[in-house]
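Okay, so here's the structure we're looking at.
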Amino acid sequence: MSTAEVNAKFQMLPGADVPRAPVFIVTLYGDAIEPRGGTLWMGDLVTCCARQGISESLVRTAVSRLVTAGKLFGERIGRKSFYRLTGQARAEFRQAARVLYAPPPPARGWLVAAKAAEALPEGWASLGQGAAIAPNREDIAFPAGPLLSAETVGDPAGWPALAADYWDLQGVADRYKRFLLRFEALGALLKSGNGTVDLEGEEALALRLQLVHHYRLAALKDPRLPRDAWPSDWPAEEARQLFVRAYLSLTAEADAYIGLTFRDAIGLLPSATEETCLRLDRLEREMAMLTC
């Protein structure tokens with residue numbers, strides 16, 4: 001499939017819905033660079049972003065801002081500049097990667113804090129007068145104070161409306177729907193074929209980065225509430241199935257291209273590492289469960 005065909009089929013025309021440079025660079029580092037040591041040559045970063053319609057000047061400005069924000073650290077070796085993730089950024093990226101590549105089991109009911117502090121951990125919603133509620137997931141941090149585990153024992157029909165008062169479910173649903181619409185053609189191709197996409201390395205990586213970029217905009221905002229709190233048309237499961245299926249279909253060519261092209265201060269990055277293999281293993285196991 002030619003580059004022009006890829007652009008037309010998967011809505012990747014340069015200049016059309018170009019991602020914001022800082023956000024896309026975060027996507028690139030999180031998906032391709034962090035599991036390979038966290039360092040990338042500036043020239044490869046510029047080339048990869050150009051494939052998405054992001055100019056070199058925007059890339060350099062975004063990198064400067066990410067350095068100022070403590071996300072990247074630059075070093076110059078000879079005439080080349082290399083940027084690596086800071087320790088803080090790597091920890092944040094690993095947390096986000098768990099949501100994207102190894103999501104925990106669904107929430108098992110609810111957690112209720114009777115006397116929560118004003119500063120609540122991520123995922124909690126204040127009910128007022130010190131009380132707070134959160135989905136009972138294994139990745140939820142606990143606030144200080146008394147904590148209860150709760151489950152629905154009465155009519156669950158009121159949960160979606162109640163949950164919508166405390167979490168932006170409509171906003172998250174809209175993001176998932178935009179993701180599904182954007183990659184509708186890719187999903188149809190995967191369903192009609194044998195689960196593969198006929199793309200060469202550069203196009204496969206560009207499309208995979210688009211896939212991760214747009215999926216993470218929804219998934220990292222998703223509060224992942226218990227199922228009885230979902231709206232009737234909640235699109236998260238459909239979006240997850242498309243993401244997993246498409247990611248697996250693109251990865252062999254995309255990772256091979258990374259190993260042939262991307263460089264850090266030592267040399268070419270590996271096409272695969274223990275961490276990338278673990279990601280794929282988890283996604284393949286998830287895909288097997290989704291298709292049962």
Side-chain angles (χ1 to χ4, degrees), residues 23 26-27 30-31 34 91-113 116 119-127 131-143 147-153 156-183 187 211-248 278-279 281-292:
V23 181
V26 166
T27 296
D31 183 59
E34 196 281 329
E92 293 173 358
F93 278 45
R94 290 191 190 102
Q95 183 176 359
R98 283 195 288 271
V99 175
L100 299 177
Y101 310 108
R108 307 177 306 278
W110 300 90
L111 295 170
V112 179
L120 291 167
E122 184 177 354
W124 285 82
S126 174
L127 298 177
I133 189 171
N136 188 1
R137 303 192 319 259
E138 64 181 40
D139 60 333
I140 284 285
F142 296 167
L147 190 66
L148 304 174
S149 174
E151 60 182 28
T152 302
V153 295
W159 266 119
L162 180 63
D165 289 338
Y166 296 101
W167 288 276
D168 182 21
L169 300 185
Q170 186 59 56
V172 173
D174 289 344
R175 289 170 183 250
Y176 276 131
K177 289 175 182 177
R178 286 195 293 270
F179 169 81
L180 288 166
L181 180 61
R182 181 178 183 86
F183 295 101
L211 184 85
V212 174
H213 175 72
H214 289 280
Y215 181 73
R216 69 184 286 272
L217 294 179
L220 297 185
K221 295 291 186 180
D222 189 346
R224 290 177 286 143
L225 304 178
R227 183 176 291 270
D228 56 11
W230 291 2
S232 59
D233 60 345
W234 189 239
E237 284 188 317
E238 183 182 359
R240 181 65 189 176
Q241 290 179 20
L242 173 55
F243 173 79
V244 173
R245 182 179 288 109
Y247 192 95
L248 290 173
L278 182 58
R279 282 185 182 181
D281 179 66
R282 287 169 172 166
L283 289 173
E284 286 167 354
R285 291 171 183 268
E286 185 178 351
M287 188 73 252
M289 294 179 62
L290 291 173
T291 55
C292 286

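Please read these numbers as outputs of a predicted model, since none were measured by experiment.
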Can you say whether the rings of Trp234 and Tyr176 are parallel (under 30°), tilted (30 to 60°) or perpendicular (over 60°)? perpendicular
Counting heavy atoms not belonging to Glu284, are there more than 12 under 6.0 Å from its CD? yes
How long is the span from the CD atom in Gln241 to the CD atom in Glu286, to the nearest 0.5 Å? 9.0 Å
Do you know which two heavy atoms are closest between Leu283 and Val244, and how far apart they sit? O-CG1, 3.6 Å
Where do Leu278 and Tyr101 land on the side chain to side chain contact (heavy atoms under 4.5 Å, CB included) test, with the steps shown first? CA-CA 9 Å; Leu278 182 58; Tyr101 310 108; over 6 Å; no
Trace of the salt bridge (Lys or Arg N to Asp or Glu O under 4.0 Å) decision for Arg285 with Asp281: CA-CA 6 Å; Arg285 291 171 183 268; Asp281 179 66; 2.9 Å; yes
Cationic N near anionic O, under 4.0 Å, Arg227 to Glu237: yes
Where is the tightest heavy-atom contact between Leu169 and Pro160, given as atom of each residue plus distance? CD1-O, 4.4 Å
Set out, in order, the CA-CA distance, both residues' side-chain angles and the distance that settles salt bridge (Lys or Arg N to Asp or Glu O under 4.0 Å) for Asp233 and Lys177, then state yes or no. CA-CA 10 Å; Asp233 60 345; Lys177 289 175 182 177; 3.4 Å; yes
His213/Leu217 under side chain to side chain contact (heavy atoms under 4.5 Å, CB included): CA gap, chis, key distance, verdict: CA-CA 7 Å; His213 175 72; Leu217 294 179; 4.2 Å; yes
What I'd like to find out is whether the side chain of Pro135 reaches to under 4.5 Å of the side chain of Arg224, using heavy atoms alone. no
Minimum side-chain heavy-atom gap Val172-Trp167 below 4.5 Å: no
Note: Gly109 and Pro226 closest approach over all heavy atoms is O-CG, 3.1 Å
Rounded distance (nearest 0.5 Å) linking atom CD of Glu122 with atom CD of Gln95: 6.0 Å
Closest non-hydrogen atom pair between Ile140 and Ala134, with its separation: CG2-CB, 4.4 Å
Reported CZ-to-CG distance for the pair Arg178 and Leu180, which is rounded to 0.5 angstrom: 11.5 Å
To the nearest 0.5 Å, how far apart are CG in Leu127 and CG in Asp165? 10.5 Å
Do Trp230 side-chain atoms and Leu225 backbone N/O form a donor-acceptor pair below 3.5 Å? yes
Under 4.0 Å between a Lys/Arg side-chain N and an Asp/Glu carboxylate O for Arg216 and Asp31? no
Supply the atom-to-atom distance Arg108 CZ to Arg137 CZ, rounded to the nearest 0.5 angstrom. 10.5 Å
Taking all heavy atoms of Leu147 and all of Trp124, pick out the closest pair and write down the distance. CD1-CH2, 3.3 Å
Give the C-alpha distance, both sets of side-chain angles, the deciding distance and a yes or no for side chain to side chain contact (heavy atoms under 4.5 Å, CB included) between Arg175 and Asp168. CA-CA 11 Å; Arg175 289 170 183 250; Asp168 182 21; over 6 Å; no
Heavy-atom nearest pair, Val112 first then Ala150, reads CG2-CB, 4.3 Å
Are the side chains of Arg98 and Asp139 in touch, meaning some heavy atoms are under 4.5 Å apart? no
Measure the CG-OG distance between Leu120 and Ser126 for me, rounded to the nearest 0.5 Å. 6.0 Å
Look at the aromatic rings of Phe243 and Phe179 and report parallel, tilted or perpendicular, splitting at 30° and 60°. tilted
